[in-house]
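Some notes on the structure that comes next.
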Amino acid sequence: MSTLPRERPHRDQHCWNNGPGRTEVAAALRGIPLDHGFPWYGSQLTAALMVPLRLMETWAHGQDIFDALCVSRRPTGRLHHVASLGVIGRALSFYAAQLPVPEEPFRVELTGPDGQTWTWGPEDAMQRIQGSALDFCLRVTQRRSRAETDLTAVGKDAQKWLDIARVFL
């Protein structure tokens, strides 16, 4: 079995983050109103959500590669974007499971990679999720089962949310 030599790309070669298309997409999106709808799998997706959702997908599929190679990935504060989408996607989780969306407010408290606490929802909410931001992101992108995380839930609806959590259809 032969192996191919690992070569660094020449700096003039196109890479994912500076290749053709990225600049054009960014320029095109700048001129679109944030509430402009794009058709997306039988629904509409606004410009304001399109870009963060693509970032989430890139992160999640990147995690698939790290997992396949059995390599750890150092989490960064960029997880905040994925975590925010996870919180915003709570109703989607219930919708996809064909369950009624709970009306009671939720509190989500996550510990970011730098030790900071990230919070969403009212402090006095009875439905609560707590744990690491990494585990929450892995859960809502369905890269880890609930049992594989350190996430805790208080309240019947919060328990159910962690069971069915997802940030995409």
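- Of all heavy-atom pairs spanning Arg139 and Leu151, the tightest one is CB-CD1, 3.9 Å.
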Kindly determine whether Glu148 and Arg146 satisfy salt bridge (Lys or Arg N to Asp or Glu O under 4.0 Å), including the steps that lead there. CA-CA 5 Å; Glu148 295 174 291; Arg146 181 178 175 189; over 6 Å; no
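- Both cation-pi conditions hold for Arg90 and Phe106: the charged atom is under 6.0 angstrom from the six-membered ring centre and inside a 45 degree cone around its axis.
- What you find for Ala125 and Arg128 is that their closest heavy atoms are O-NH1, 3.0 Å.
- The side-chain heavy atoms of Thr119 and Val108, taken from C-beta on, include no pair separated by under 4.5 Å.
- Taking the six-membered ring for Trp, Trp120 and His80 have ring centres closer than 6.0 Å.
- In terms of modelled atom types and a separation under 3.5 Å, the side chain of Gln127 and the main chain of Asp157 share a donor-acceptor contact.
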Might you work through the side-chain contact (heavy atoms from CB on, under 4.5 Å) test for Gln63 and Leu138, ending with a clear yes or no? CA-CA 9 Å; Gln63 185 64 46; Leu138 290 167; 3.6 Å; yes
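- Minimum interatomic distance between Val167 and Gly86 (heavy atoms only, all atoms of both residues): CG2-N, 3.8 Å.
- At distances below 3.5 Å, at least one donor-acceptor pair connects side-chain atoms of Ser93 with backbone N or O atoms of Arg166.
- Within 6.0 Å of the OH atom in Tyr95, the count of heavy atoms belonging to other residues, nucleotides or ligands does not exceed 12.
- Under the 4.5 Å side-chain heavy-atom criterion for Ile, Leu, Val, Met, Phe, Trp and Tyr, Val101 and Ile129 are members of the same hydrophobic cluster.
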Set out, in order, the CA-CA distance, both residues' side-chain angles and the distance that settles salt bridge (Lys or Arg N to Asp or Glu O under 4.0 Å) for Arg143 and Asp64, then state yes or no. CA-CA 8 Å; Arg143 270 42 195 186; Asp64 295 340; 2.8 Å; yes
Report the C-alpha separation of Thr46 and His36 in whole Å, then their side-chain angles, then the decisive distance to 0.1 Å, and conclude whether the side-chain contact (heavy atoms from CB on, under 4.5 Å) test is met. CA-CA 5 Å; Thr46 65; His36 176 78; over 6 Å; no
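- Two residues are said to be in side-chain contact when any heavy atoms from C-beta on lie closer than 4.5 Å; Asp67 and Arg144 meet this criterion.
- Here the side chains of Leu134 and Pro113 are not in contact, with every heavy-atom distance at 4.5 Å or above.
- Here the side chain of Gln142 pairs a donor or acceptor atom with the backbone of Ala165 at under 3.5 angstrom.
- The side-chain heavy atoms of Phe136 and Leu79, taken from C-beta on, include no pair separated by under 4.5 Å.
- Scanning all heavy atoms of the two residues, the minimum distance from Ala133 to Gly112 falls at CB-CA, 4.0 Å.
- Side chains of Met56 and His81 form no contact here, defined as non-hydrogen atoms less than 4.5 Å apart.
- In the hydrophobic clustering of ILVMFWY residues, with side-chain heavy atoms under 4.5 Å counting as a link, Leu45 and Phe168 come out together.
- Under the 4.5 Å side-chain criterion, counting only non-hydrogen atoms from C-beta, Phe38 is in contact with Ile32.
- Looking at every heavy atom in both residues, Pro100 comes nearest to Phe94 through O-CD2, 3.5 Å.
- Looking at heavy atoms from C-beta onward, Leu85 lies out of side-chain contact with Val140 at the 4.5 angstrom threshold.
- Smallest separation of non-hydrogen atoms from Cys137 and Thr141: O-OG1, 2.7 Å.
- The closest side-chain heavy-atom distance from Leu99 to Ile164 is below 4.5 Å.
- Within a 6.0 Å sphere centred on CZ of Arg78, other residues, nucleotides and ligands contribute 12 heavy atoms or fewer.
- Arg107 contributes a side-chain N or O that, together with a main-chain N or O of Gly121, makes up a donor-acceptor pair within less than 3.5 Å.
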